[in-house]
Structure formats: C-alpha cells, structure tokens
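Structure record follows, encoded as structure tokens.
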Number of protein chains: 2
Amino acid sequence: MKLGRINHVGVATPSIDQSIAAYRDLMGATVIGVPFDLPAQGVRVCFVDTPNTQIELIEPLGADSPIVKFLEKNPQGGQHHVCFEVPDIDAARAWFDDKGARILGPTRTGAHGTPIFFLHPKDMGGVLTEIMESPGDEH
Amino acid sequence: MKLGRINHVGVATPSIDQSIAAYRDLMGATVIGVPFDLPAQGVRVCFVDTPNTQIELIEPLGADSPIVKFLEKNPQGGQHHVCFEVPDIDAARAWFDDKGARILGPTRTGAHGTPIFFLHPKDMGGVLTEIMESPGDEH
C-alpha cells in the first residue's frame with residue numbers, strides 16, 4: 001500500500017455553526033458545504049474546503065454520539081482524526097489486517113458516501129486514523 | 001484573507017523514529033524527510049509527504065520543549081496543530097490582530113524556513129493553528 005492523500009482533517013466541535021463562523025470570518029474560508037446528519041456515525045458533518053484538502057467539522061448527533069467523550073475532555077473541540085484515501089477499501093482492510101493493525105469496527109459508509117474504517121490510535125502514534133476509499137471522480 | 005492550503009498536520013510524538021516506522025511500514029509512506037532539530041521551537045522535526053500535504057512529526061527537543069506537556073497528557077502522541085499557508089505573513093498577522101484573534105508570541109522562522117506564528121486554540125475551536133508564509137517555490 002502507498003500512502004494516499006489526506007482527504008480531510010476531522011475536527012470535533014460543540015457547534016458546527018460557531019466553527020463555520022471561525023473558518024469563514026477569521027480564516028477566510030469561502031467554500032463551505034451545507035451541514036448534514038450522518039446518523040450511522042452519530043455525527044452532524046460539515047466540510048470546509050481548503051485549496052488542497054478539507055476540514056471535516058463534526059458535531060455530536062444524539063447523546064450516544066461517539067464524539068461525546070472527546071468533547072467532554074475537549075469542551076471547545078479539537079482535532080479528532082486524520083483521513084487518508086485508498087484506492088480500494090477491501091484491499092486496504094486486508095493490508096492492515098495482515099500487518100496486525102487494530103481496525104475499529106466494520107467497514108461502513110463515510111461522510112463522502114464511500115466506504116471507510118478507522119484504525120486504533122495506538123497503532124498510529126495516538127492519531128485516530130480514518131481510511132477512506134477515494135471518491136471515483138477524484139481519480 | 002482567503003483560506004490557504006494546509007501545509008501540514010502537526011503530530012507530536014515521543015519518538016520520531018517509531019512514528020516514521022508507522023507511517024512507512026503501516027501506511028506506506030515513501031517520501032520521508034531527514035529529521036532535524038529546530039532549537040528555536042524546542043522540537044525535532046520530520047516531514048512525511050502525502051500526495052497533497054504533509055504530516056509534520058515533532059518530538060521534544062530538551063526538557064523545556066513546548067510539547068512536553070502535550071505528551072504528558074498524550075503519552076503516545078497525537079494531533080498537535082494544523083498549519084495553513086498565507087502569501088504574506090505580515091499581512092496575515094495584521095489581519096488576525098484586526099480580528100482580535102490571540103496570536104501566540106512573535107513571528108518566527110518555522111520548520112520550512114519561512115516565517116510563522118500560532119493562533120490560540122480558543123479562537124479556532126480548540127485547534128492550535130499555525131499560520132505560515134508559503135515557500136516561494138510553491139507559488
């Protein structure tokens with residue numbers, strides 16, 4: 001496997017609206033997606049485009065959201081994960097299995113509509129790492 | 001100001017050597033810089049290239065390193081900051097001053113040899129945010 005592009009940097013926030021305001025008004029972001037719910041992951045999502053990658057803002061969706069604990073520890077929000085693209089999610093999963101990396105849960109559909117899974121931070125120097133099949137139109 | 005490209009995602013690590021091994025052997029990174037000391041920032045640095053941006057591995061350099069506390073809280077390491085490029089560091093500093101954002105310390109020379117400063121995480125949803133003048137050759 002070859003290291004792919006960083007699709008996005010995942011940033012947890014207690015308020016997508018406030019985070020949008022910061023990226024728009026303070027940082028000058030001009031391409032900001034419409035926030036949407038991703039119930040399968042328990043988060044509300046908004047993508048902020050940079051010229052070369054994206055910030056993925058994630059806000060808890062429901063009390064069982066997997067990012068509730070993160071926000072208890074980091075009430076203002078913070079960097080939550082980094083997402084790398086792979087050409088084939090099944091091949092990537094087999095690769096990481098073969099390497100003995102800990103994969104968190106099943107392969108599922110991510111915020112860009114392509115299959116994803118997460119690697120345990122303990123195998124990646126404390127960084128929660130998302131592996132995402134590239135959207136076809138980026139090839 | 002317009003949101004610039006993400007130059008790098010800063011990842012603190014107790015061991016650059018171990019992190020290099022993870023990015024190389026597990027993630028398939030092939031373009032990995034030679035680690036170097038950046039005494040002015042109190043860190044040892046190594047850049048790992050992805051196709052569209054970089055991971056900046058930072059390891060404490062000396063007991064007074066500004067990332068010692070971060071590693072006490074996150075012994076395995078973790079995402080430390082995100083760095084955005086700007087065309088002109090002085091204009092960017094004036095912009096953030098004008099917006100009332102808290103700038104951490106003076107403008108100084110960063111790991112890529114161009115001037116940088118940091119914004120307080122409290123103004124950026126908990127994300128320590130580095131602002132870096134683009135290297136000339138990327139224009």
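Lettering follows sequence order; numbering is per chain, from 1.
Nearest heavy atom pair, residue B:Ala111 against residue B:Phe36, reads O-CZ, 3.5 Å. Scanning both residues, B:Phe84 and B:Gly4, for their nearest heavy atoms gives CD2-O, 3.7 Å. Between B:Phe96 and A:Leu26, the shortest heavy-atom distance links the atoms CE2-O, 3.3 Å. Taking all atoms of both residues into account, the shortest heavy-atom contact from B:Leu71 to B:Pro60 is CD1-CG, 3.3 Å.
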* Test side chain to side chain contact (heavy atoms under 4.5 Å, CB included) on B:Leu104 and B:Leu119 and set out the steps. => CA-CA 6 Å; B:Leu104 300 168; B:Leu119 299 177; over 6 Å; no

Would you please test B:Val11 and B:Ile58 for side chain to side chain contact (heavy atoms under 4.5 Å, CB included) and show each step? CA-CA 6 Å; B:Val11 172; B:Ile58 49 175; over 6 Å; no

ask   = Going through the distances and angles, do A:Phe70 and A:Val68 end up as a side chain to side chain contact (heavy atoms under 4.5 Å, CB included)?
value = CA-CA 5 Å; A:Phe70 180 92; A:Val68 165; over 6 Å; no

Quiz prompt | Intermediate values then yes/no, side chain to side chain contact (heavy atoms under 4.5 Å, CB included), A:Cys46 and A:Ile32 | solution = CA-CA 7 Å; A:Cys46 177; A:Ile32 300 172; 3.8 Å; yes

Present all donor-acceptor pairs from chain B to chain A with distances below 3.5 Å, rounded to 0.1 Å.
residue, atom, partner, partner atom, Å
B:Leu3, N, A:Met27, O, 3.3
B:Leu3, N, A:Gly28, O, 3.0
B:Ile6, N, A:Asn52, OD1, 2.9
B:Ile6, O, A:Asn52, ND2, 2.9
B:Asp25, O, A:Lys99, NZ, 3.4
B:Leu26, O, A:Trp95, NE1, 2.7
B:Met27, O, A:Leu3, N, 3.3
B:Gly28, O, A:Leu3, N, 3.0
B:Asn52, O, A:Asn52, ND2, 2.9
B:Asn52, OD1, A:Ile6, N, 2.9
B:Asn52, ND2, A:Ile6, O, 2.9
B:Asn52, ND2, A:Asn52, O, 2.9
B:Gly78, N, A:Gly125, O, 3.3
B:Gln79, OE1, A:His81, N, 3.1
B:Gln79, NE2, A:Gln79, OE1, 3.1
B:Trp95, NE1, A:Leu26, O, 2.7
B:Lys99, NZ, A:Asp25, O, 3.4
B:Gly125, O, A:Gly78, N, 3.3

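Among the candidates A:Met1, A:Met124, A:Met27, the residue making the largest number of heavy-atom pairs closer than 4.5 Å to chain B is A:Met27. Chain B forms more heavy-atom pairs under 4.5 Å with one residue of A:Ala92, A:Pro14, A:Ala29, A:Ala22 than with any other, namely A:Ala29. Residue with the most contacts toward chain B among A:Val127, A:Leu57, A:Ile6, A:Leu128: A:Ile6 (heavy-atom pairs, distance under 4.5 Å).
Heavy atoms closer than 4.5 Å to chain A are found in the side chain of B:Val48, but not in its backbone.
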